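None of the values given here were measured: they were computed from a predicted structure.
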Amino acid sequence: MNPSNPLLDFTGLPRFAAITPTHIQPAIEMLIAEADATAERLIADECAPTWQNFATPLDDAHERLARAWGIVSHLNGVANSAALREAYNGMLPAVTQYWTGVSQNLALYNKYKMIHQHALQTVASQLTSTQQQALENELRDFRLGGAELSDEKKIRYQAWQEELSTLMSTFNDNVLDATNAFAYVVTDEAELAGLPDDAKAAALETAHKEGLAGWKFTLHAPSYSPIMQYADSQQLREKLYRAYVTRGSELGADPKWDNSAVITRILWLRAESARLLGFANFAELSVATKMADTPAEVIDFLSTMAARAKPFAVSDWAELTAFAKHEFKMEVVNAWDVAYLSEKLREQRYAFSDLEVKKYFPESQVLAGLFRVVETIYGVKMTEASADSWHADARFFDVRNQDGSLVGQFYLDLFARDAKRGGAWMDDAINRRRLISGIQHPVAFLTCNFSPPVGEKPALFTHDEVITLFHEFGHGLHQLLTEVDELGVSGISGVEWDAVELPSQFMENFCWEWAVLKHMTRHVDTGEPLPRALFDKMIAAKNFQAGIGFMRQIEFALFDMRLHSDFDLASSSPMQLLDAVRREVAVIPAAPFNRMPHTFGHIFGGGYAAGYYSYKWAEVLSADAYAAFEESASAADVGVDVGVLNAITGARFRREVLARGGSRPALESFIAFRGRKPEIDALLRHNGMKLAA
């Protein structure tokens, strides 16, 4: 190892301050070579393979490569630059080629099979149950990775996987570049009527930093969303909406960012790769590692959910259009009017606005309230610490048990920037495992894109942003509170994709509890906590237009699953399929120029292909799991300051779900916590949708 290259230093946390793009190629090439050499040595070893002499040293080599490349990938997402992008994309084919080569290595596959066979033949297997689960996953992944293909087919499959990884990176780059390229500068303040003061101040500050007169608006969420929700100018809303929904498409500002051909090629490569492995389509390959058994089961699940929710969505839309006609004399409600009208209707019906609520959620108070929830139900303590980071906004925290022992650590990067891709996500930096020297503690990256502080004011979050933060923190807890010592099933590793959203969506529920919000709010000007009367209005409005939101997620999930299962690329286009799905489930007419697929990063630039349904699938699990906390609150006189923050139930959830990671099937973990299989009742109740008689 070359200690002068910070990407090759695995003695502690990543040395972000020392990393430059020039470090990437030599580090990754060295780690690939080291991993190759390790694999060759293990294959040549004539001793009978065991977990200790084969699986562990291979894990060691693979972990070093994964950790280094994970740092590079993280930086590419949060601190993108021309030099970093070039270095990342330059090494992406080699990294993909290596991992594809491993999954196709028949000699390695046979060694794992020997360990498995010995375990089956030994009365008292030396493998732990966790190691057995990790081994089963390894064998499955070799089969799904093409280890049993002919040499000719392996070459073809590997080339396709390399191209896929490059195309997915290109897709994300195009979206980021198209987003960054748009700017609209307003010079007449009258055009900004209705816009909140903090949104105007942020736009003014952005313009001034660039020496511009007026207010500069972009397509990044903190700038775009307030326009759509509050701007009285329909022309202004339409201008930004049109730019937003045509990003990365043939209708966008520059053809070089058009993702149309990228999408087509990705779909072809996925379909052909799946067929090469013996599957009818990519969706079949995708669900092979998930809780769902078949694409048909998923489509049936989504169709059933749609049938439940659509009447509520139809009612929501009828109400909104009637309101638009009566209050604004709008005969037609366009897509760029929906968020604006929804906010006005909510204000009229519930006598409050998102803007009013936002003033009670300054960053420091929100974080303190989040930590209070986690500390109360899981018995841990969050403490800010210091570490190298990639930006001044990024913060670092320790997670400790009550006795002070370290559980894990996490980075928190909350604010939007031009060099940062949109959305919110959690990723692993270091996974927990047991080493000779002791336990290697897990480390997570938690990333959001909220509005940064403006001037002397602290950052203020909308209630939706608070929910997003709780969601991502749930993912982080799944990674951090694991007690599994084997790398392949520690934390979120090895967890079925359609169950991985369980801990994250579970955490969202706490954002609607008075026992939580009363402690995590403070008005930015007066310092007063959220009034109970305003909270009651929020609760009354909780399921406002829930049907529309529910059906929007169903629309995305059905489009994704059908796109990867029964879609014929030769006779149709993704947009034609989306139009067909919308005719079936959507209630809001889409703008004809809307090119949603061209920025659908979850499935074209991330890991959710034929898996977007996971959000709804796991929402059933998470709502039912949260119902256990509701039941514990009503079953005992725990007091108003405790309510659902039940430490006994929390300890059980930590023990049976979070701590177990991927060491057993997710359904087993759920049943161990809940005492039964999941039921849909709680999800429908939480969304204000009663079960049909």
Side-chain angles (χ1 to χ4, degrees), residues 78-79 179-180 182-233 236-237 240 339 343 352-370 384 386 389-397 411-420 422 424 446-469 520-531 534:
V78 298
T179 302
N180 286 337
F182 177 89
Y184 181 62
V185 178
V186 175
T187 55
D188 181 1
E189 189 171 4
E191 192 175 355
L192 304 180
L195 203 64
D197 289 340
D198 62 338
K200 289 169 62 175
L204 186 68
E205 185 175 284
T206 300
H208 284 184
K209 283 181 179 178
E210 299 181 21
L212 301 172
W215 298 261
K216 179 182 175 182
F217 295 91
T218 72
L219 298 181
H220 291 284
S223 180
Y224 171 79
S225 296
I227 292 287
M228 302 312 300
Q229 191 171 1
Y230 296 107
D232 293 335
S233 170
L236 177 60
R237 297 198 306 268
L240 265 73
E343 179 62 21
F352 80 95
S353 70
D354 275 351
L355 177 61
E356 180 184 0
V357 173
K358 181 178 181 179
K359 294 179 180 178
Y360 286 95
F361 288 105
E363 176 192 0
S364 61
Q365 198 74 7
V366 169
L367 287 182
L370 168 61
E384 187 155 14
S386 61
S389 69
W390 51 92
H391 192 274
D393 288 345
R395 300 167 66 182
F396 185 73
F397 295 85
Y411 298 86
L412 187 64
D413 187 358
L414 292 177
F415 305 124
R417 299 185 294 273
D418 285 349
K420 187 178 180 183
L446 294 167
T447 310
C448 298
N449 271 276
F450 302 153
S451 300
V454 177
E456 300 301 316
K457 293 279 189 178
L460 298 176
F461 301 151
T462 66
H463 189 241
D464 282 344
E465 288 174 333
V466 173
I467 292 173
T468 296
L469 177 59
M520 68 180 296
T521 53
R522 185 183 70 242
H523 194 280
V524 64
D525 296 322
T526 68
E528 294 295 317
L530 184 76
L534 180 53

## Note on the structure
Heavy atoms of V454 and A201 approach each other most closely as CG1-CB, 3.8 Å
### Task
Would you give the length of the straight line joining atom CG of L240 to atom CZ of F217, rounded to the nearest 0.5 angstrom?
8.0 Å
### Message
Under a 4.0 Å threshold between the charged nitrogen and the carboxylate oxygen, would K359 count as salt-bridged to E528?
### Response
no
### Task
Find out whether L414 and F461 are in side-chain contact, i.e. whether some heavy atom of one side chain is under 4.5 Å from a heavy atom of the other.
yes
### Message
On a heavy-atom basis, which atom in P196 and which in L355 lie closest, and how many Å separate them?
### Response
CB-CD1, 3.5 Å
### Query
Under 4.5 Å between any side-chain heavy atoms of W215 and E191, yes or no?
no
### Query
Quick check: does any side chain N or O of K420 sit under 3.5 Å from a backbone N or O of D413, one acting as donor and the other as acceptor?
yes
#### Entry: Where A213 and V185 come nearest, the two heavy atoms and their spacing
O-CG1, 3.5 Å
### Query
Would a 4.5 Å heavy-atom cut-off, applied to side chains only, mark L530 and R522 as touching?
no
### Task
Check whether any side-chain heavy atom of Y411 sits under 4.5 Å from a side-chain heavy atom of R395, and report yes or no.
no
### Query
Run the side-chain contact (heavy atoms from CB on, under 4.5 Å) check on L212 and T187 step by step: do they pass?
CA-CA 10 Å; L212 301 172; T187 55; over 6 Å; no
#### Entry: Within-4.5 Å side-chain heavy-atom neighbours: V524 and P458
yes
### N/O donor-acceptor pair under 3.5 Å between S225 side chain and A221 backbone
yes
### Task
Kindly give the heavy-atom pair with the smallest separation between Y184 and L236, and that separation in Å.
CE2-CD1, 3.5 Å
#### Entry: Straight-line distance of T218 OG1 to D418 CG, nearest 0.5 Å
7.0 Å
### Query
Are any side-chain N or O atoms of H220 and backbone N or O atoms of P222, one a donor and one an acceptor, separated by less than 3.5 Å?
no
### Task
Please examine the side chains of L460 and F450, heavy atoms only from C-beta on, and report whether any two atoms are closer than 4.5 Å.
no
### Message
Does any part of the side chain of S353, heavy atoms only, come nearer than 4.5 Å to the side chain of E343, both counted from C-beta?
### Response
yes
#### Entry: Residue pair L195, I227: steps toward the side-chain contact (heavy atoms from CB on, under 4.5 Å) verdict
CA-CA 7 Å; L195 203 64; I227 292 287; 3.9 Å; yes
### Query
Distance from L367 atom CG to L469 atom CG, nearest 0.5 Å?
6.0 Å
### Query
Does some side-chain heavy atom of E384 sit less than 4.5 Å from a side-chain heavy atom of F396?
no
#### Entry: Minimal non-hydrogen separation, M520 against V466, with atom names
CE-CG1, 3.9 Å
### Query
Has the side chain of D393 got a donor or acceptor atom that lies under 3.5 Å from a matching backbone atom of F415?
no
### Task
Could I get the full list of ring pair (Phe, Tyr, Trp, His ring centres under 6.0 Å) partners for Y224, not counting sequence neighbours?
Y244
### Task
Could you grab the distance from atom CG of L412 to atom CG of L446, nearest 0.5 Å is fine?
6.0 Å
### Task
Could you list all the side chain to side chain donor-acceptor pair (under 3.5 Å) pairs where at least one residue sits in residues 446-462, not counting sequence neighbours?
K457-D525
### Query
How many angstroms lie between CG in D464 and CG in D354, if you round to the nearest 0.5 Å?
6.0 Å
### Task
Could you give me the CA-CA distance, side-chain angles and deciding distance for E356 and L534, then say whether side-chain contact (heavy atoms from CB on, under 4.5 Å) is met?
CA-CA 9 Å; E356 180 184 0; L534 180 53; 4.0 Å; yes
### Minimum heavy-atom distance T206-K216, with the two atoms named
CG2-CD, 3.7 Å
### Task
May I ask you to say whether K358 pairs ionically with D198, meaning some side-chain N is under 4.0 Å from a carboxylate O?
yes
### Query
For H463, which residues count as a ring pair (Phe, Tyr, Trp, His ring centres under 6.0 Å) partner, sequence neighbours excluded?
F361, W512
